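Notes to accompany the following structure.
Ligands are counted one by one from 1 in listed order, and the atoms in each one are counted from 1 as well. What you are looking at is a predicted structure, and each value in this text was computed from that prediction instead of being measured.
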Amino acid sequence: MTNGLSLAEKLRSGPPVITAWSVLSSPIVSEMLARAGYPAITIDLQHGMHDFDEARETLSAIALGGAHRIVRLPLYDNALGARLLDMGAECVIAPMINTAGEAESFARSVKYPPAGDRSYGPFRAAALSGQSDGDYLRNANSQVVSLAMIESREAVDALDEILAVPELDGIFVGPSDLSISLSNGAAVDPNSAETAEVCKMIAEKAVGAGKIPGIFCLGADKVREMAGYGYKLITHGIDVALLDGAARAALADVGDLPG
Ligand code: 3PY
Ligand code: MG
């Protein structure tokens, strides 16, 4: 919890939450992003460089920096999601969810009985969230957030059924994969007008179904556009890109030196 509210409470009401995206498996980089003011950091175990040990340490570093802790899992790895919840993740994002059945088994892996099948062992999670083990058990099903990634034509076609899965808290759009799927593999164009139209429709349906809509954005303009469509968890700022941009700007600032 930060500012007295859980991440789930912030995502269910109030302004959108911006999350930085952690590719670099260095805990202190994520801690610095938290200290810079990002309200949440997402550790990417699908395309990022993290393995379990590094993700575990990064969860602690994010807590130390005062931000909320989110993980994006590798493909079809609900077991890793459950382990990372035990290590203190507050929100789990599962990539490439294409059917209601996949959404249901993912969502149930995040919740304790009777809503799901999560097994008990949250000692690190309780410590990082400042709760007793008993309070953590009582609060986890409402405080821990499951988001199924919608990033294919198949998922868009199955959206109503995915949104009807009662255990699922929300969806998270991957516009790059979505654009590849919508163009039948012809192009990756996450910021195209066609992709934006589909993203708008997905947000409307998610809000209508009482689910939390989240999305990955490339560019501040996209963040504002997607917030206007109702998205509540918005990625803006990838650690590698932030470092690359700052390094190039620092060198360009110096320019050519005499001699
Ligand atoms: C996508 O855009 O496909 C993503 O998965 C964002 O990380
Ligand atoms: Mg993707």
Side-chain angles (χ1 to χ4, degrees), residues 11 16-25 29-30 33 38 40-50 55 58 62 68-78 80-81 84 89 91-99 102-103 106 145-159 162 168 170-203 206 212-227 229 231-245:
L11 293 175
V17 174
I18 301 290
T19 176
W21 199 259
S22 166
V23 169
L24 297 171
S25 52
V29 171
S30 288
L33 292 172
Y38 274 101
I41 316 288
T42 302
I43 302 171
D44 185 6
L45 290 104
Q46 183 189 19
H47 296 301
M49 298 174 189
H50 293 269
T58 302
I62 295 168
H68 290 291
R69 306 172 295 279
I70 304 173
V71 293
R72 196 259 291 267
L73 299 178
L75 288 172
Y76 318 123
D77 202 344
N78 294 341
L80 180 60
L84 291 169
C91 172
V92 184
I93 301 173
M96 293 289 189
I97 297 292
N98 290 326
T99 66
E102 288 172 3
F106 159 61
V145 177
S146 59
L147 301 179
M149 286 195 75
I150 304 298
E151 46 185 351
S152 71
R153 192 187 294 277
E154 194 184 345
V156 172
D157 289 345
L159 187 60
I162 291 172
L168 186 70
I171 53 88
F172 191 87
V173 177
S176 291
D177 278 313
L178 183 59
S179 67
I180 293 171
S181 177
L182 293 176
S183 66
N184 291 321
V188 52
D189 195 356
N191 288 346
S192 73
E194 188 200 0
T195 309
E197 269 307 300
V198 178
C199 294
K200 183 168 184 259
M201 179 275 289
I202 294 171
I212 298 163
I215 190 162
F216 190 99
C217 283
L218 291 156
D221 289 351
K222 274 287 153 190
V223 173
R224 286 187 283 273
E225 183 184 353
M226 295 301 144
Y229 296 155
Y231 281 97
K232 288 295 186 188
L233 178 66
I234 303 182
T235 300
H236 178 56
I238 308 166
D239 56 8
V240 279
L242 294 171
L243 183 57
D244 183 68

Q. Where does the angle between the aromatic ring planes of Trp21 and Phe216 fall among parallel (under 30°), tilted (30 to 60°) and perpendicular (over 60°)?
A. perpendicular

Yes or no: does [X] have any heavy atom under 4.0 Å from an atom of ligand 1?
| X | value |
| --- | --- |
| Arg72 | yes |
| Pro190 | no |
| His47 | no |

Q: Could you check if a side-chain atom of Ile202 sits within less than 4.5 angstrom of a side-chain atom of Tyr231, using non-hydrogen atoms only?
A: yes

Q. Run the side-chain hydrogen bond (donor to acceptor under 3.5 Å, both in side chains) check on Ser179 and Thr195 step by step: do they pass?
A. CA-CA 6 Å; Ser179 67; Thr195 309; 4.8 Å; no

Q: Please write down residue, atom name and distance for the protein heavy atom closest to atom 2 (O) of ligand 1.
A: Ser176 N, 2.8 Å

What atoms in ligand 1 come closer than 4.0 Å to a heavy atom of [X]?
| X | value |
| --- | --- |
| Glu151 | 1 (C), 3 (O), 4 (C), 5 (O) |
| Gly174 | 1 (C), 2 (O), 3 (O), 4 (C) |
| Asp177 | 1 (C), 2 (O), 3 (O) |

Q) Which protein N, O or S atoms lie under 2.8 Å from the Mg ion (ligand 2), given by chain and residue number? A) Glu151 OE1, Asp177 OD2

Q. Is Lys222 paired with Glu225 through a side-chain N to carboxylate O contact shorter than 4.0 Å?
A. yes

(Q) I need the contact type for Met149 against ligand 1. Using non-hydrogen atoms and a strict under-4.0 Å cut-off, is it side chain, backbone, both or neither? (A) side chain

(Q) I want to know if ligand 1 touches Pro175 in the polar sense, i.e. an N/O pair below 3.5 angstrom. (A) yes

Q: For the residue pair Ser30 and Ser22, confirm or rule out a side-chain donor-acceptor distance under 3.5 Å.
A: yes

